[in-house]
Amino acid sequence: MKRLAAIAALAAVATATAACGTTETGDSAGSGGIYTTIDGAKQIDATAPINPFNPQGSTFVGYDAMSLAWPKNDLMDPNQFYPGLAASWTATPDQGEVVIHLQPDARWSDGKPVTSEDIRVSIGLAYTQGGSAYTVNAGAAGAAADIQIVDAKTVKIVQGANRSNAFLRNVLSTVVVPAHVYGPLLPAGFWTTLTAARGTGPAAEKAKTEITGLSQKVIAFAPREDVSAGPFVLERVNPGAALLKRNPYFYDAAKIVPDKVKVLNYTGNEQIWNYLVSGKLDSAPFTAVPAAVMTRIKETPGNDIRKGYSPVAASLAFNQARKPYDNVHVRRALAYLIDRNQVTKIASPEAGTPSVTTTGIHGSAAKAWLGDQIGALDQYKVDAAKADKELRAAGMVKKGGTWAMPDGKPWKVQLNVPASFSDWVAAAKSITSQLNDHGIEASVVTSADYILYLDELSSGKFDIGFWLMALGPSPYNIYQRVYGSANGWSLLAGRLRHSPPGKNGNWMAGPETIGGVNPGELTNQLNLASPEEQKRIVGTLARLTNEQLPVIQIYDYVNTQFVNTTRYTGWPEAGSEALRLPAGVWMQLGMIRKNSV
């Protein structure tokens, strides 16, 4: 998937390409050398502030930007983490209270200790951005109700009355910044205002507005220099690359081998391919690569591939407010006509596996969640006879070898995709070719970029669109992609509501209940359920999704990453959960070593 989209202006692109192609000079790296990589989450904007709250900020997760802990990405348990700035933590069985114990030797790159006040200020800033555990919406599930400093290295965070079993995960994911740098962004009386915002009525609404009104101020804040608690600190940044040097005060400095880290900029997937072919990168995160380019990458000395689980799947999602997609027989017919093996072979041969069936869950996780239940689901193997039967059951008619609507009007299938997602475009072309071969007039329509595509999708403009789903490991997050706001269900002030088609972003327009089952309510219950209850609910939702096909699961992504053993070794093994973490975290875990050969 071309998720690493080209968004830089042409002038910046030209500068970046030239800068990245040169050899770094003036860097007196010691025996550890310079580790070279890219940031798969964003492209470099040399004008962006050194601020992790800024989406384009000149900070790099796992290198200078630090969280309390790093997710292990377990297939079923989203609350398993590696230590970060939190050395350890405890939680009550209902996650009502989480106690964080900071690394005793953690210090900022200016030598000052990391303390509980840093955590408190970081949480206060997170409230200005909203969401997760830090929201000012009264009664929101999983919202923190109180933050208490126990001592200089211990913090207690208390969950509100409307509990969520994702609370621990959200707390441990807190991004931590230095209070002595960011603290002045929080006005006097901030915590009193926050307490007022948790109430109801005009005073509470005013308090909420005051807190959320700080959002842009926090995002725009530009510190004079990088003050990092991570293994590295930013030395300089230009349009072509960012250079980070070791933080001598990092609490586990003995595990960090490279002297410096160079993060190269990129304008799109093609530039990353060129970096890999030329052997410039010590590691690169997931990047969609066609077969011919993959062959060239493999031929480069030292290049190696690491594949692991990626809790994401590509699907076709239907707007059931549009005919004939409100009819389940039509959706089933399309499922029987799409050869998922062929589509995957064309669209994502190295970074995807054909979905065995549609469950709403990535195939690897489905085995863990469903066990033997998965064998009872319809796999929707290619079967033209079954497809014809389903189309006739929907009242569709065949005229002169071409399928038409029940009233005889032409049926024209349009698959919508963002033009920048190369694998989706290839997949859509393969699918439309298969449908045309069966007498269904089908075509591909592209949107200029992903942001525009999402806007058009949410406005209900499309009949069928490609949709990312199965975003684990939390089962709640997985099924939110099918039975969440895009399909009408929203959690407001702790209350689940269902909006009619076309309202509040409901573009999937599925029914609120199906056979007496409300899938949105079941999805919401996943936030509170015990592990055993979660398995029961997941089983119900998987069966319902398989029968009703609000989406057709096409292929499950494989986390295909690249490493080069010429300069460094010790990479995570194939299949390791750590593959989904930045290389800076690998270094913190002691994985990366200098290649002495």
Side-chain angles (χ1 to χ4, degrees), residues 4 20-24 27-41 60-63 70 72-73 82 230-232 241-246 250 252-266 269-310 349-351 557-597:
L4 308 177
C20 290
T22 61
T23 301
E24 194 76 46
D27 297 327
S28 55
S31 60
I34 301 176
Y35 186 98
T36 306
T37 187
I38 62 169
D39 186 342
F60 303 91
V61 174
Y63 299 99
W70 308 107
K72 286 189 176 182
N73 302 305
Y82 296 106
F232 296 92
L243 189 69
L244 298 99
K245 61 183 180 181
R246 287 187 65 160
F250 180 60
D252 222 350
K255 289 183 178 178
I256 309 304
V257 171
D259 295 298
K260 296 188 176 184
V261 170
K262 187 196 299 184
V263 183
L264 299 182
N265 203 4
Y266 58 89
N269 285 0
E270 292 82 358
Q271 192 168 14
I272 299 172
W273 302 342
N274 290 335
Y275 290 155
L276 290 166
V277 169
S278 62
K280 287 186 176 180
L281 298 177
D282 293 303
S283 66
F286 172 85
T287 308
V289 178
V293 176
M294 181 65 79
T295 299
R296 293 174 57 205
I297 291 172
K298 290 178 178 178
E299 290 173 348
T300 299
N303 276 353
D304 198 2
I305 297 170
R306 292 288 189 275
K307 292 190 176 185
Y309 166 61
S310 177
E350 294 289 344
Y557 281 105
V558 175
N559 184 7
T560 302
Q561 299 202 19
F562 304 88
V563 298
N564 188 291
T565 59
T566 302
R567 296 168 289 275
Y568 298 94
T569 185
W571 314 104
E573 296 295 328
S576 169
E577 71 279 355
L579 284 171
R580 289 172 53 206
L581 296 171
V585 179
W586 300 348
M587 296 178 196
Q588 294 180 40
L589 298 175
M591 292 182 174
I592 304 302
R593 304 184 298 275
K594 189 75 172 167
N595 192 341
S596 58
V597 178

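Just so you know, these numbers come straight off a predicted model, no measurement behind them.
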So, the side chain of [X] versus the backbone of [Y]: is there a donor-acceptor pair under 3.5 Å, distance only?
X      : Y      : value
Lys307 : Glu350 : yes
Gln588 : Pro231 : no
Gln561 : Leu579 : yes
Thr36  : Lys262 : no
Asn265 : Ala241 : no
Arg580 : Gly308 : no
Trp586 : Pro572 : no

Stepwise side chain to side chain contact (heavy atoms under 4.5 Å, CB included) check, Phe562 with Asn303: CA-CA 7 Å; Phe562 304 88; Asn303 276 353; over 6 Å; no
Residues in ring pair (Phe, Tyr, Trp, His ring centres under 6.0 Å) contact with Phe232, at least two apart in sequence or another chain: none
Of all heavy-atom pairs between [X] and [Y], which one has the smallest distance, and what is that distance?
X      : Y      : value
Val558 : Ser310 : C-CB, 4.0 Å
Tyr63  : Ala583 : OH-CB, 3.2 Å
Gly32  : Asp259 : N-OD2, 2.7 Å
Val257 : Lys594 : CG1-N, 3.7 Å
Leu589 : Lys255 : C-CD, 4.3 Å
Pro285 : Ile38  : CD-CG1, 3.6 Å

Working to the nearest 0.5 Å, report the span between [atom1] of [X] and [atom2] of [Y].
X      : Y      : atom1 : atom2 : value
Leu281 : Arg567 : CG    : CZ    : 8.0 Å
Thr287 : Tyr275 : OG1   : OH    : 12.0 Å
Asn274 : Arg296 : CG    : CZ    : 6.5 Å

Intermediate values then yes/no, side chain to side chain contact (heavy atoms under 4.5 Å, CB included), Ile305 and Thr560: CA-CA 7 Å; Ile305 297 170; Thr560 302; 3.8 Å; yes
Side chains of Leu276 and Thr300 in contact at under 4.5 Å (non-hydrogen atoms): no
Derivation and outcome, side chain to side chain contact (heavy atoms under 4.5 Å, CB included), residues Leu581 and Asn73: CA-CA 9 Å; Leu581 296 171; Asn73 302 305; 4.3 Å; yes
Of Thr569, Asn564, Val563, the residue whose pairing with Asp304 passes side-chain contact (heavy atoms from CB on, under 4.5 Å): Val563
Evaluation steps, side chain to side chain contact (heavy atoms under 4.5 Å, CB included), between Met591 and Trp571: CA-CA 6 Å; Met591 292 182 174; Trp571 314 104; over 6 Å; no
Check: Tyr35 ring centre within less than 6.0 Å of Tyr568 ring centre: yes
side-chain hydrogen bond (donor to acceptor under 3.5 Å, both in side chains) partners for Asn595, two or more places apart: none
